[in-house]
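To start, the structure itself, in structure tokens.
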Amino acid sequence: MTTSSSERGVSLGMPELPAPAYTDDVRARLETDARAIVARYPDSRSALLPMLHLVQSEEGHVTRTGMRFCADMLGLTTAEVTAVATFYTMYRRRPSGDYQVGVCTNTLCAVMGGDAIFEELQEHLGVGNGETTADGKVTLEHIECNAACDYAPVVMVNWEFFDNQTPESAKRMVDDLREGRPVAPTRGAPLCTFKETARILAGFPDEREGAVEATGSAGPASLIGLKLAKGEAAPARVVHPRGEAPQDAPPHEPSPTEHLSSHDAPQDTSASDPAHPSPTTTRDGEAAPRTSGSDGPVAEEGE
């Protein structure tokens with residue numbers, strides 16, 4: 001059985017039809033916003049990035065129609081606009097959900113549990129990377145560093161932080177999003193839809209009551225280095241080896257306002273678990289067995 005070129009998604013070199021234009025009422029509204037954006041810059045082409053967010057706020061992703069509109073307003077070619085729209089991952093090229101759920105799978109988040117969160121969310125939602133649930137609510141993707149490593153593993157929803165996540169908390173969160181129940185980020189402004197987020201990123205004010213005041217700032221785990229640099233003494237924190245209880249001091253109980261990092265306590269990882277020690281290696285790079293009762297590395301052959 002053979003498959004046609006069109007079924008395989010192979011182009012036969014036929015020219016693509018011009019992108020359709022926005023309807024008159026939509027174009028008039030977008031033109032007003034676009035002129036406000038362009039007015040911020042001495043060179044109109046500098047407005048391209050926020051303009052792409054503007055057209056993304058209209059349809060939930062950057063369409064060919066949106067790129068044609070940007071090109072017309074800025075005096076660019078559609079090729080120039082496409083080159084930018086396809087370079088930055090914050091611009092979606094196909095329809096997506098009301099909530100973009102991004103799981104950080106970069107190194108630190110991954111080893112702290114990000115990989116497990118992403119795998120379980122895929123199974124729980126029944127979607128793969130970059131795919132959207134059938135109800136159009138959630139688009140799941142793995143993303144690179146969110147610059148919040150002190151609260152790893154981190155999940156972002158429409159670019160708002162959900163810190164110190166677990167597979168269970170992440171699954172509850174996406175269930176609440178799909179059911180329309182209130183979901184509050186760990187820090188930052190209240191959630192809004194992806195289209196609303198795109199308009200804010202285009203540079204228009206977030207007019208929701210209390211949203212600006214709720215943006216907050218970095219948490220204590222992020223500010224420890226700054227405090228030390230200023231000469232402020234950081235509170236002493238003693239982390240006891242796994243399996244050993246503190247002798248004199250009661251366990252630390254964080255206050256309701258204290259936002260601790262998941263790094264503040266030892267994690268159950270095989271690399272640091274005395275019950276699962278890492279094997280020593282020989283000079284050739286192969287694992288060398290430990291002898292019973294040995295406290296040090298096995299001597300290499302010839303030593």
Side-chain angles (χ1 to χ4, degrees), residues 16-102 130-133 135-141 143-144 146-147 156-161 177 183 185 188-216:
E16 191 172 32
L17 294 174
Y22 286 123
T23 59
D24 291 343
D25 59 328
V26 171
R27 184 177 180 91
R29 175 166 45 81
L30 290 177
E31 282 185 357
T32 299
D33 290 337
R35 292 191 186 98
I37 293 174
V38 172
R40 304 171 192 158
Y41 301 92
D43 186 342
S44 63
R45 69 181 299 141
S46 299
L48 178 55
L49 295 181
M51 284 275 289
L52 286 168
H53 283 299
L54 174 65
V55 297
Q56 184 160 253
S57 74
E58 184 64 30
E59 299 174 271
H61 66 295
V62 178
T63 63
R64 292 174 56 236
T65 297
M67 288 189 283
R68 173 183 169 183
F69 173 80
C70 291
D72 291 345
M73 293 296 299
L74 301 176
L76 302 173
T77 66
T78 53
E80 289 174 311
V81 175
T82 302
V84 174
T86 57
F87 181 83
Y88 293 102
T89 58
M90 290 179 76
Y91 301 124
R92 310 303 185 197
R93 297 298 311 283
R94 57 184 179 181
S96 54
D98 292 334
Y99 299 99
Q100 306 280 321
V101 176
E131 295 179 352
T132 303
T133 53
D135 58 11
K137 294 292 186 180
V138 171
T139 296
L140 178 67
E141 62 177 349
I143 52 181
E144 292 301 321
N146 287 316
M156 296 196 85
V157 180
N158 293 350
W159 313 119
E160 299 293 350
F161 286 104
L177 290 174
V183 175
L191 280 182
C192 55
T193 67
F194 184 67
K195 289 182 180 180
E196 292 169 329
T197 300
R199 183 171 176 81
I200 295 169
L201 290 173
F204 294 96
D206 187 346
E207 297 178 347
R208 295 175 297 157
E209 184 178 356
V212 175
E213 292 77 9
T215 53

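Just so it is clear, the structure is predicted and the values come from calculations on it, not from any experiment. Along the sequence shown, residues carry numbers from 1.
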(request) Please collect all side chain to side chain donor-acceptor pair (under 3.5 Å) contacts where either partner lies in residues 71-89, sequence neighbours excluded, each pair once. (result) Thr77-Glu80

(request) Apply side-chain contact (heavy atoms from CB on, under 4.5 Å) to Asp43 and list each qualifying residue two or more places apart in sequence or on a separate chain. (result) Arg45, Ser46

(request) With the side chain counted from C-beta on, respond yes when Cys70 and Leu48 share a heavy-atom pair under 4.5 Å apart, and no when they do not. (result) yes

(request) Sequence neighbours left out, what pairs pass ring-ring contact (aromatic ring centres under 6.0 Å, His included) with at least one residue falling in residues 37-56? (result) His53-Tyr91

(message) Just checking Asp24: does its CG atom have more than 12 heavy atoms from other residues, nucleotides or ligands closer to it than 6.0 angstrom?
(response) no

(request) Provide the closest heavy-atom pair for Thr65 versus Pro20 in the form atom of the first, atom of the second, distance. (result) OG1-O, 2.6 Å

(request) Please tell me if the side chains of Ser57 and Asp33 come closer than 4.5 Å, counting only heavy atoms from C-beta onward. (result) no

(message) Checking Phe194 now: which residues fulfil ring pair (Phe, Tyr, Trp, His ring centres under 6.0 Å) with it, not counting sequence neighbours?
(response) none

(message) Within this structure, what is the OG1-NZ distance for the pair Thr139 and Lys137, rounded to the nearest 0.5 Å?
(response) 12.0 Å

(message) Given 3.5 Å as the limit, does a donor-acceptor pair link the side chain of Asn158 with the main chain of Asp98, or not?
(response) yes

(message) Taking the side chain as everything from C-beta on, heavy atoms only, tell me whether Val62 gets closer than 4.5 Å to Arg92.
(response) no

(message) Would you compute the distance between atom CG of Leu191 and atom CZ of Arg208 and round it to the nearest 0.5 angstrom?
(response) 8.0 Å

(message) Does any part of the side chain of Glu58, heavy atoms only, come nearer than 4.5 Å to the side chain of Leu30, both counted from C-beta?
(response) yes

(request) Check salt bridge (Lys or Arg N to Asp or Glu O under 4.0 Å) between Arg93 and all other residues, then give those that pass, not counting sequence neighbours. (result) none

(request) With sequence neighbours left out, write down each residue that passes ring pair (Phe, Tyr, Trp, His ring centres under 6.0 Å) with Phe69, or none if nothing qualifies. (result) Tyr22

(request) Might you point out which heavy atoms bring Pro50 and Arg40 nearest each other, and give the distance in Å? (result) CB-NH1, 4.4 Å

(request) Might you point out which heavy atoms bring Gln56 and Met90 nearest each other, and give the distance in Å? (result) NE2-O, 3.2 Å

(request) Could you go through the side chain to side chain contact (heavy atoms under 4.5 Å, CB included) check for Val38 and Leu74 one step at a time? (result) CA-CA 8 Å; Val38 172; Leu74 301 176; 3.6 Å; yes

(message) Would you say that Val81 contacts Leu52 through its side chain, given a criterion of any heavy-atom pair below 4.5 Å between the two side chains?
(response) yes

(request) Mind listing the closest non-hydrogen atom pair of Gly130 and Arg94 along with its distance? (result) O-NH2, 3.1 Å

(message) To check you understand the geometry: which heavy-atom pair defines the closest contact between Leu54 and Ala34, and what is its length?
(response) CD2-N, 3.9 Å

(message) Do Val157 and Val183 have side chains that approach each other closer than 4.5 Å (heavy atoms only, starting at C-beta)?
(response) no

(request) Compare all side-chain heavy atoms of Gln100 with those of Met156 and state whether any distance is below 4.5 angstrom. (result) no

(message) If I take atom SG from residue Cys192 and atom CG from residue Asp206, how far apart are they, to the nearest 0.5 angstrom?
(response) 6.0 Å

(message) Do Met67 and Val55 make a side-chain contact, defined as non-hydrogen atoms from C-beta onward lying under 4.5 Å apart?
(response) no

(request) Identify the heavy atoms of Gly60 and Ser96 that sit nearest to each other, and give their distance. (result) O-OG, 3.4 Å

